[in-house]
Amino acid sequence: MLKPVYALVDCNNFFVSCERVFRPDLWDKPVAVLSNNDGCIVARSNEVKALGIPMAVPYFKVSDVLKQNNVTLFSGNFQLYGDFSQRVTQILQQESPDIEVYSVDESFLEISSLPIKDYEAWARTLKAKIFKWTGIPVSIGIAPTKTLAKAAADFAKKNESTEGGFSIVGDDTKHLELLKWLPIGDVWGIGWRTTPKLQEYGIRTAYDISLASDTWVQSQLNIRGVKTAHELKGESCYELESNNEPQKSIAHTRSFPHAVRNYYELEGAIATFAAQTAAKLRSQQELAGAVMTFLRTSKYTKIQHSGSHVVTLLPPTAETGKIVAAALEGLQAIYDPDFGYKKGGITLFDLKPRAAWQLELGGNIADIDRQAALMATIDQLNNHYHTRLVRHAIEHTERSDWRSRQQQRSPNYTTNWAELPIIKAS
DNA sequence: TCTGGGGTCCTAGGACCC
DNA sequence: TCTGGGGTCCTAGGACCC
C-alpha cells in the first residue's frame, strides 16, 4: 500500500478572480466582493489585502478606505462563481478520479498512484492548464496529509518563488520549514477561539503544537485537535471524503436589510426560504423528515431575542406545499410581535433518499407520483427560466423589507443567455 | 429523607471550515 | 443607517433508567 499523497488545489481570491475574467481591465487593480445585503467583504484581491482589509469585515467599517483607494466592488454573484467552480472541478476530475471537492474554491486530490516524477513541476503544469481553460489562478500544495497539503498551498500562495506549487513529499527539511513558517492560527482546524488560548502557552506555530503531547492537546482542544497535531507531523488521520455522501441538512437563511416586525413580511420570507430548500431537496432526490424555522434579532443590539421551532414531517416529503406549511407552523410558534427580526431562515434535516423511502413505506404511491410530477414540472420551468417563475402565492416577492440589497452585482455572464458578454468589433 | 454509580440518549451551544 | 451564508462535528449537561 502506497503512502497517500494529497494535493490541495486552491483558487486564489476566488470570487475576485471570477469577476476579473470578464473585466481584464481590473487584473492589476484592487477589487473586493461583498456578501449578501452588501454586508461584508467576502473576497479580496491581493491589492485589497495589502491595504489591511480583513476577511469578512463589515463593509461600512471600511467603506472610506475602499473609496480612497479606488477599490472596485461587486455584490456577490454566487451563481457565476458556482459555474466557475464546476469548470475548475471538471479539469481536476480529468487529472485524478480520487478527488474531494472540499468547497467552492478548493479540492483535494489523492495522487500517490499517478505517474508523477516531480510534484512541483506537475503542479505548475496543472496550474497553467486551469488558468488557460478558465482564467482562474490557483495555488497547489502537496504533502502526505490533508492538513499539511493545506499549509503547503498556503505557502505556495504567499511565496512567489514557488510559482504556485509547493511540495514537501519526501523532504524533511521542507516539512520542517513549513511547520515553522505557519502561524498557529492559520493551521487548518485551529480557529479564532483556540488560537489565543494556545498562544498563552507559548504555542505560536504549527511546529510548536507538533511537539505537544497527545494528552495535553486533548485536554486543551478535543479529539480533532489531537488529529490535527498528528497530521502536522505527517501522519495521515483524515482520508479523502467522497462527495457521494448524502448531505445531512439543507438550510436557507438570510439577514434582512432592516429589522422586520410585520408578520406578513416574515411569512413571505419564510415561505420563500422553505420553497427554495424544497426545490434543492428535490434536485438531490431526497425527502426531509423535519423542518426547523428560526428568527433572531440583530446580534449587535442590546436587546437579544431568538427562537427556533422544529416541525416533524411525517411521512417525510419533498413537496413544497407541505414544507412551506410546516415552516409557517414553526413561524407561528416563535413569532413575537414585540421584536424586530434581523435574520431568519429554515433548515431541513433528517434527510433520506427518495427511492429508499418509497420502497420502505409505500403509502399512496399514485398520490406521491402525482405530486412528484407536479413538483418536477415546476422545477423544470423554474430551472429553464433561471428564476422562481412558478411559486406559491404566499411567497410574496413584491418589494418587501426582507429582500436583500444587491447594488453592484455583475451580470450572469455564463449562466443566463440574456446576460452573455457582448464583444464589439471596432 | 438521604444516599450512590453507571449507562444511554437527546439537545443546545460552541467551534470550526470556506 | 449599514455587521454573510451553508455546512459538519464535538462536548457538556440534562433526563431517564436500573
Side-chain angles (χ1 to χ4, degrees), chain A residues 8-15 32-44 53-64 66 73-79 81-82 85 100-108 146-147 150 153-154 184-198 218-228 237-238 241 243 245-259 273 276-277 280-281 284 290 292 294 296-301 304 306-310 340 342-351 401 404-407:
Chain A
L8 180 77
V9 181
D10 188 356
C11 299
N12 299 344
N13 315 332
F14 182 54
F15 300 163
V33 175
L34 299 166
S35 68
N36 239 294
N37 275 323
D38 295 343
C40 291
I41 306 284
V42 290
R44 305 155 295 156
I53 306 290
M55 182 62 172
V57 69
Y59 167 62
F60 76 91
K61 285 191 179 174
V62 293
S63 56
D64 288 346
L66 297 178
L73 290 169
F74 291 92
S75 299
N77 184 345
F78 300 101
Q79 208 178 350
Y81 312 148
S85 180
E100 171 188 346
V101 179
Y102 177 67
S103 75
V104 69
D105 66 339
E106 279 175 61
S107 288
F108 287 102
K146 288 168 86 177
T147 304
K150 289 275 289 182
D154 195 13
I184 189 66
D186 290 350
V187 173
W188 189 41
I190 309 284
W192 64 279
R193 220 49 208 249
T194 42
T195 298
K197 204 159 84 176
L198 292 172
Q218 167 97 52
S219 70
Q220 292 302 314
L221 308 175
N222 55 27
I223 187 66
R224 290 186 72 97
V226 176
K227 286 187 179 177
T228 296
C237 298
Y238 297 118
E241 283 175 30
N243 293 109
E245 290 300 308
Q247 245 176 289
K248 297 184 173 160
S249 62
I250 298 174
H252 193 101
T253 65
R254 285 288 177 273
S255 292
F256 310 134
H258 308 284
F273 301 161
Q276 269 156 349
T277 53
K280 188 167 176 195
L281 187 68
Q284 299 178 190
M292 182 186 79
F294 90 91
R296 67 161 303 138
T297 56
S298 170
K299 278 191 290 185
Y300 306 96
T301 51
Q304 295 275 311
S306 69
S308 65
H309 186 83
V310 176
K342 196 65 175 54
K343 187 171 184 175
I346 83 142
T347 304
L348 303 178
F349 54 101
D350 285 349
L351 308 186
D401 265 0
S404 288
R405 265 193 305 267
Q406 278 209 317
Q407 288 173 351

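Throughout, a chain's letter reflects where its sequence line sits, starting with A, and its residues are numbered from 1. Being a predicted model, the structure only gives us computed values, none of them experimental.
A close approach under 4.0 Å does not occur between any side-chain nitrogen or oxygen of A:His252 and OP1 or OP2 of C:dG5. OP1 or OP2 of C:dG4 has at least one side-chain nitrogen or oxygen of A:Ser255 nearer than 4.0 Å. Note on A:Ser249: every side-chain N or O is 4.0 Å or more away from OP1 and OP2 of C:dG6. Checking the phosphate oxygens (OP1, OP2) of C:dG6, a side-chain nitrogen or oxygen of A:Thr253 falls inside 4.0 Å.
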Encode nucleotides 12-18 of chain B as B, S and - characters from 5' to 3', where the letter depends on protein heavy atoms closer than 4.0 Å: B to the base, S only to sugar-phosphate, - to neither. ---SSSS

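Using a 4.0 Å heavy-atom distance criterion, A:Ile223 is classed as a sugar-phosphate-only contact.
Distance CZ (A:Phe349) to C1' (B:dT11): 11 Å, rounded to an integer number of Å. One atom, CE of A:Met292, and another, P of C:dG6, lie 12 Å apart when rounded to the nearest Å. In this structure, the NE2 atom of A:His309 is 13 Å from the P atom of B:dT11, given to the nearest Å. What separates OH of A:Tyr300 from C1' of C:dT1 is a distance of 15 Å, to the nearest Å. Rounded to whole angstrom, the span from the CD atom of A:Gln79 across to the P atom of C:dG6 amounts to 15 Å. Rounding to whole angstrom units, NZ of residue A:Lys280 and P of C:dG6 are separated by 8 Å. Rounded to whole angstrom, the span from the CZ atom of A:Phe256 across to the P atom of C:dC2 amounts to 14 Å. If you measure from atom CG of A:Asp64 to atom P of C:dT1, you get 15 Å, rounded to the nearest angstrom.
Between A:Leu34 and A:Val42, the closest side-chain pair of non-hydrogen atoms is not below 4.5 Å.
Checking C:dG5, C:dT3, C:dG7 against the side-chain heavy atoms of A:Lys61 singles out C:dT3 as nearest.
Legend: residues meeting ring pair (Phe, Tyr, Trp, His ring centres under 6.0 Å) with A:Phe74, ordered by chain and number and at least two apart, are absent. For A:Tyr238, the ring pair (Phe, Tyr, Trp, His ring centres under 6.0 Å) test picks out no residue, with sequence neighbours left out. Judged as a side-chain hydrogen bond (donor to acceptor under 3.5 Å, both in side chains), and not counting sequence neighbours, the contacts of A:His252 are A:Gln276. A:Tyr81 pairs by the side-chain hydrogen bond (donor to acceptor under 3.5 Å, both in side chains) definition with A:Glu19, not counting sequence neighbours. Listed by chain and number, the residues in a salt bridge (charged side-chain N to carboxylate O under 4.0 Å, His left out) with A:Asp38 amount to none (sequence neighbours excluded). Listed by chain and number, the residues in a side-chain hydrogen bond (donor to acceptor under 3.5 Å, both in side chains) with A:Ser306 amount to none (sequence neighbours excluded). Residues satisfying the side-chain hydrogen bond (donor to acceptor under 3.5 Å, both in side chains) criterion with A:Asn13, sequence neighbours excluded, are A:Asn46, A:Lys49.
Judged by closest nucleotide on DNA chain C, A:Val42 is the one of A:Val42 and A:Arg224 placed further toward the 5' end. Taking for each of A:Phe78 and A:Asn222 the nucleotide of DNA chain C with the nearest heavy atom, the 5'-most of the two is the partner of A:Phe78.
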Taking only Watson-Crick and G-U wobble pairs with both distances under 3.5 Å, what dot-bracket line describes DNA chain B, where [ ] shows pairs that cross earlier ones and | shows pairs with another strand? ....||||||||||||||

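Here A:Tyr59 does not count as stacked on C:dC2, because the ring centres are not under 5.5 angstrom apart with planes under 30°.
Note: A:Phe108 and A:Trp188 have tilted aromatic rings, judged against thresholds of 30 and 60 degrees for the angle between ring planes.
Here the side chain of A:Gln304 pairs a donor or acceptor atom with the backbone of A:Lys299 at under 3.5 angstrom.
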